[in-house]
Number of protein chains: 2
Amino acid sequence: MTGRDGMSIRVVVADDQELVRAGFQMILSAQPDIEVVAEAADGAQAVDAARRLRPDVVLMDVRMPRMDGLEATRRLAGPGVTSPVKVLMLTTFDLDDYVYEALRAGASGFLLKDLRRDDLVNAVRVVASGEALLAPSVTRRLIGEFARRPRPAQTAPAGLAALTAREREVLHLMARGRSNAEIAADLVIGEQTVKTHVSNILAKLYLRDRIHAVILAYETGLIEPGTR
Amino acid sequence: MTGRDGMSIRVVVADDQELVRAGFQMILSAQPDIEVVAEAADGAQAVDAARRLRPDVVLMDVRMPRMDGLEATRRLAGPGVTSPVKVLMLTTFDLDDYVYEALRAGASGFLLKDLRRDDLVNAVRVVASGEALLAPSVTRRLIGEFARRPRPAQTAPAGLAALTAREREVLHLMARGRSNAEIAADLVIGEQTVKTHVSNILAKLYLRDRIHAVILAYETGLIEPGTR
DNA sequence: CGGCGCCTCCCCCGTAGGAGGGATCAGCGG
DNA sequence: CCGCTGATCCCTCCTACGGGGGAGGCGCCG
């Protein structure tokens, strides 16, 4: 979208330590295709500069006075932001909390400051191109976190396949906590009919009661938390 | 654990195309600290070789005859494997399904075959060291996937804080689908007592019935799918 | 065309679950 | 010492649920 086609990659460097900013600035400016267009000493300045200058990448430190990098990232790339700016997060310590928060905040990358200069330059290029990258240790933990939770949707059609379309519909509403009467109202059918469907569902899935149906809906990924 | 301290990194290359194996073999063997100890033409051979030779890393192609790389990875690094072997997955096309399956199968990395030789060598070293890495496009999607789902635990203590320890205990069992009588048996108290607790829980959380309590448990992250 | 699957509706009936009372007792902090 | 909270137990009443039937209409397919 930006920063390619011969044009240089425009970068904003945000870090509260002047020395660190100077270092990044020097490394990046030495590249023919990278241009540091602004520096920021705290999150507020970073947000301000990024909104004004619309850089291709913001190099963002996690810990900063006034507004930290997490909050700044949220404002620049978080969910709900209309035209997000890409953020590459940097930190000295790779604490889990920071990483997860950063990624949820919308960061396109998370690196430790002990990286080699080639890697930093490469990272900026990768992020500018719309891709993402993480420090190896972070990658490992993210993979672990990801693999830890069982596949959601895929396994759903376990016994669910045995249900008719209407039954699945009823199951969905059941899983949302609707009573038989409410389901009947929702589907514009009689409550007796709903009861029949419910009974058939429970029988087909070998469930004791609707509560177990709700549990099954969540466990199989039929319903995902936060989808309410 | 292995492959360091001056000893070379021992690698098994698994790919059904002879030319690809030869290419990887050549690139890796050119490194002073890397040694290709075996080649495999399918998943079964890869598993066999890896179990026999205990290499530091297995370079594994996704698509292979007889047994594909995913299944082979599961057997070498999947959940439940006692002494896992590190697997670096390689593919020509970065299909979502492959990636997610590979990571769940226990792979320590996932790269596209269009990578530069330096990156391949670097990847082998990273994986051998116990860390992980992904192709940038894969990283982007993984982050997206991760950020998509709202933070689980954190938000839990929303109204839950109002509950007493005992009530939380009852709520947990309720969320597991236990009936009042079963909960009573579990906690070695009278069923009447359980009913009282349940009533208090519902009142405190402004819930209509135990079904909504189950839903709330999942939605707040009190219970996580797959934790059964 | 006759079945079969699906959706629809109905009745009866037993029970688990929840509302709304009230009660005792141990522990804790003022 | 008193008051409060939490945990325990008991009662009654009512309803939503769920099991076990039966039954009619519709569309599809052999």
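Per chain, numbering begins at 1; letters A, B, ... match sequence-line order.
Ion pairing between B:Arg75 and B:Glu71 holds under the 4.0 Å rule for side-chain N and carboxylate O. With respect to A:Asp186 and A:Arg176, no salt bridge is recorded, no charged nitrogen being found less than 4.0 Å from a carboxylate O. Under a 4.0 Å N-O distance rule, the pair B:Lys113/B:Asp61 qualifies as a salt bridge.
Rounded to whole Å, the distance from CZ on B:Arg178 to C1' on C:dG17 is 17 Å. A straight line from NE2 of A:His197 to P of D:dG20 spans 19 Å, rounded to a whole angstrom. Atom CD1 of A:Ile189 is separated from atom C1' of D:dG25 by 15 Å (rounded to the nearest Å). Atom CG of B:Leu187 is separated from atom C1' of D:dG6 by 15 Å (rounded to the nearest Å). If you take CG of A:Leu202 and C1' of D:dG20, they are 14 Å apart, rounded to a whole angstrom. To the nearest angstrom, P of D:dT5 lies 13 Å from CD of B:Glu167. As a whole-Å value, the separation of A:Lys204 NZ from C:dG5 C1' is 9 Å. Atom NE2 in A:His212 sits roughly 11 Å away from atom P in D:dG18 (whole-Å rounding).
A:Asn180 comes within contact range of the sugar-phosphate backbone alone, with a heavy-atom separation under 4.0 Å but no base atom that close. Using a 4.0 Å heavy-atom cutoff across all strands shown, B:Thr164 reaches sugar-phosphate atoms only and no base atom.
Residue whose closest nucleotide on DNA chain D sits further toward the 5' end, between B:Ala165 and A:Arg208: B:Ala165. Across the interface with DNA chain C, nearest-nucleotide mapping of B:Arg210 and A:Lys195 shows A:Lys195 to be the residue nearer the 5′ end. Nearest-nucleotide positions on DNA chain D for B:Asn200 and A:Asp209 put B:Asn200 closer to the 5' end.
Ranking C:dC11, D:dC10, D:dC17 by closeness to the A:Gln192 side chain, first place goes to C:dC11. The B:Ser179 side chain lies nearest to C:dG17 when the options are C:dG18, C:dG17, D:dC17. The listed nucleotides are D:dG18, C:dG17, C:dC10; the one nearest the side chain of B:Glu191 is C:dG17. Comparing D:dG19, D:dA7, C:dG18 by their nearest atom to the side chain of B:Ser199 picks out C:dG18.
For D:dC9, the base has a donor-acceptor partner in the side chain of B:Thr196 [N/O atoms by modelled type, under 3.5 angstrom].
The environment of A:Arg166 atom CZ is dense: over 12 non-hydrogen atoms of other residues, nucleotides or ligands sit within 6.0 angstrom.
Within the structure, every side-chain polar atom (N or O) of A:Thr193 is placed at least 4.0 Å from both OP1 and OP2 of C:dC7.
Defined by atom type and a distance below 3.5 Å, a donor-acceptor pair is present between the side-chain atoms of B:His212 and B:Asp209.
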